[in-house]
Protein chains: 2
Amino acid sequence: MSNKETTGEREPTLVQSVDRAITILELLARGERGVTEIAAELGVHKSTVSRLVYTLQARQLVEQHGERGRFSIGIGMLRFAGAVAGQLDIVQVGNPVCEELAGRLGETVNVAVLDSANAINVSQALGTSAVAAQNWIGQRTPSHATASGKALLAFMPPGELDELLAGGLVSYTARTITDPQELGEVLKGVAEDGYATSFEELEPGLHAIAVPVFGSGGDVIAAISASGPAYRLSRKRIPEVVEELRRGARELSDRMAYMGR
Amino acid sequence: MSNKETTGEREPTLVQSVDRAITILELLARGERGVTEIAAELGVHKSTVSRLVYTLQARQLVEQHGERGRFSIGIGMLRFAGAVAGQLDIVQVGNPVCEELAGRLGETVNVAVLDSANAINVSQALGTSAVAAQNWIGQRTPSHATASGKALLAFMPPGELDELLAGGLVSYTARTITDPQELGEVLKGVAEDGYATSFEELEPGLHAIAVPVFGSGGDVIAAISASGPAYRLSRKRIPEVVEELRRGARELSDRMAYMGR
DNA sequence: TTTCTTTGTTGCTCATAGTGCAACTATAAC
DNA sequence: GTTATAGTTGCACTATGAGCAACAAAGAAA
């Protein structure tokens, strides 16, 4: 087996069918679609997709709507979800804290951890404004363009920081910080103030405010953020929101410490 | 390709490597382990597992501890978890309700839906008794031996019910109901009383109480349950617990109806 | 209704991609 | 130091997975 180029190129050898199966799962995670459609997106033959999907279906990782219908992510996936959540105790502990804060603030609240240069949301509670609330769980977001991300970056050893950001800063909106030096300044401010913001730096019209969560060793283990539409989560609300978030962060710290972290 | 027997035997053809990869994920969901160990459990060669695992790792579905260490489920899995959760709005809605009930009752609270003959827990909040709280999310549990399962079965059309249970009733403890006729009687009682119990029918020492959650059409869409150790969640507490659970179930119903279900 | 299109499934065939082997390396145990 | 254990990788073989094409089922159009 050579496997020179599959999706990109890897040094060791990737198992092609598994790699493709995962890609299919990722596509389906973004919405249901049919075999033909998937085949087009993957650049492979219908039949190939049909068999891959069949295998995934046999294990409940995808579901078929009707006899010959379209496919979507299946409930079997929850099995794994539970396992990850169990491993990261911060997920368990984060949920109730998110819920409470979301209730108080009326905005969507997330707990995120850092994974290389991305912030990953691990718990979430939706705000009271029922509709259009996006699901962020498991989402990898670029740390330099999000409030949580900045809260996490601001407390890293400078050496590691540079390494992480070596890839360059991608721009998402006109307000995204793309200059490493500027980002450095901003992060310095975050470390001093104890909170970070992202006002339309990731998506137009989206505001977010975040604070760090400290582990018992004084290190930053996560960030907790509130996010909502620009007109509702305005700059004026910063003091109020930060205060609430800090309370939540402290509670999270305490509970984690209690569990032996 | 023939693929006559891989794990069992399927009529259409399974993609072997994908099937194996999923098995690996399932193993890792139950705890971290090494390549050699996995290879033994799968009955394949180390190298095969090493490559499969590498592929999974490249997509963050598994994580390696250290350079050449053991493997465990990875954060990337959360991406998919979020997707499932987004599809089943009951997950979103169920979480806060679970949290609240768990707080009041001090026991673990779960929301479950029916998937063929199994009850699957889709949301969960842990009780106050911090330790030893098991993670049930995504777990498929045999409906005839669990409180949630019985609450779900009790409101099914009798025809479908018989079909579901045609496979026979597996016994888990001395108290598990294994006689279909007896189960029928019990379910009738559940439908009348409006709640179901499982006292050491799934695991010795484990008690659970559940009530159904109705959809806007009057059909049962889920069940909500409280579970805990036998000595704490005793029969005496049934009235109290049922009352709380009913309140939660009603809230869940209302919220779901509000969302258009 | 019939016909035309589209989409998912399946038998067949070929060659690629995946597996097993074995040698290699790194880490841990003694 | 030696030995044992566990993960990775080059190589060779063939079982396995992918593509093709014919088929079946379900809609859409006429």
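Sequence lines set the chain letters: A, B, ... in the order given, protein chains first and strands last, and positions in each chain run from 1.
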Subject >> No-hydrogen, no-angle side-chain donor-acceptor test under 3.5 Å, A:Arg51 and A:Ser17 >> reply: no
Subject >> Nearest-Å distance for atom pair CZ/P, residues B:Arg70 and D:dG7 >> reply: 8 Å
Original post:
B:Ser17 near the nucleic acid: base, sugar-phosphate alone, or nothing, with a heavy-atom cut-off under 4.0 Å?
Top reply: sugar-phosphate
Original post:
Can you find a donor-acceptor N/O pair under 3.5 angstrom joining the side chain of B:Arg51 to the base of D:dG10?
Top reply: yes
Subject >> Atom pair distance, as rounded to whole Å: CG in A:Asp19 and P in D:dG17 >> reply: 15 Å
Original post:
Out of A:Gln64, A:His65, A:Arg33, A:Glu32, which one pairs with A:Ser72 under the side chain to side chain donor-acceptor pair (under 3.5 Å) rule?
Top reply: A:His65
Subject >> Candidate nucleotides D:dT8, D:dG19, C:dA22, ranked by approach to the side chain of B:Gln64 - the nearest >> reply: D:dT8
Subject >> OP1 or OP2 of C:dG8 under 4.0 Å from side-chain N/O of A:Thr36 >> reply: yes
Original post:
Separation of A:Leu14 atom CG from C:dA17 atom P, in whole Å?
Top reply: 12 Å
Original post:
Does A:Val18 or A:Phe71 map to a spot on DNA chain C nearer the 5' end, using the closest nucleotide for each?
Top reply: A:Phe71
Original post:
To the nearest Å, how far apart are B:Ile38 CD1 and D:dA6 P?
Top reply: 13 Å
Subject >> A:Ser50 vs C:dG8: side-chain N/O to OP1/OP2 distance below 4.0 Å >> reply: no
**OP:** Would you classify B:Val49 as touching base, sugar-phosphate or nothing, given that sugar-phosphate means primed atoms plus P, OP1 and OP2, and contacts are heavy atoms under 4.0 Å?
**Re:** nothing
Original post:
Taking OP1 and OP2 of D:dA18, is either one under 4.0 Å from a side-chain nitrogen or oxygen of A:Arg20?
Top reply: yes
**OP:** Please tell me which of the listed nucleotides, C:dG8, D:dG7, D:dA18, lies nearest to the side chain of B:Lys46?
**Re:** D:dG7
Original post:
ring-ring contact (aromatic ring centres under 6.0 Å, His included) with A:Phe214: which residues, sequence neighbours excluded?
Top reply: A:Phe155
**OP:** Let me know the distance between OH of A:Tyr54 and P of D:dA18, rounded to the nearest Å.
**Re:** 16 Å
**OP:** Report the nucleotide, chosen from C:dC21, D:dA18, C:dT7, that has the shortest atom-to-atom distance to any side-chain atom of B:Ser47.
**Re:** C:dC21
**OP:** Determine whether the side chains of B:Arg20 and B:Thr48 contain a donor N or O and an acceptor N or O closer than 3.5 Å.
**Re:** no
**OP:** Choose from D:dT8, C:dG11, C:dT9 the nucleotide whose nearest atom is closest to any side-chain atom of A:Val35.
**Re:** C:dT9
**OP:** Could you tell me whether a side-chain N or O of B:Thr55 sits under 3.5 Å from a main-chain N or O of A:Val15, the two making a donor and an acceptor?
**Re:** yes
**OP:** To the nearest Å, give me how far apart CG (B:Leu52) and C1' (D:dT9) are.
**Re:** 15 Å
Subject >> Between C1' of C:dA15 and NE2 of A:His45, the distance in whole Å >> reply: 17 Å
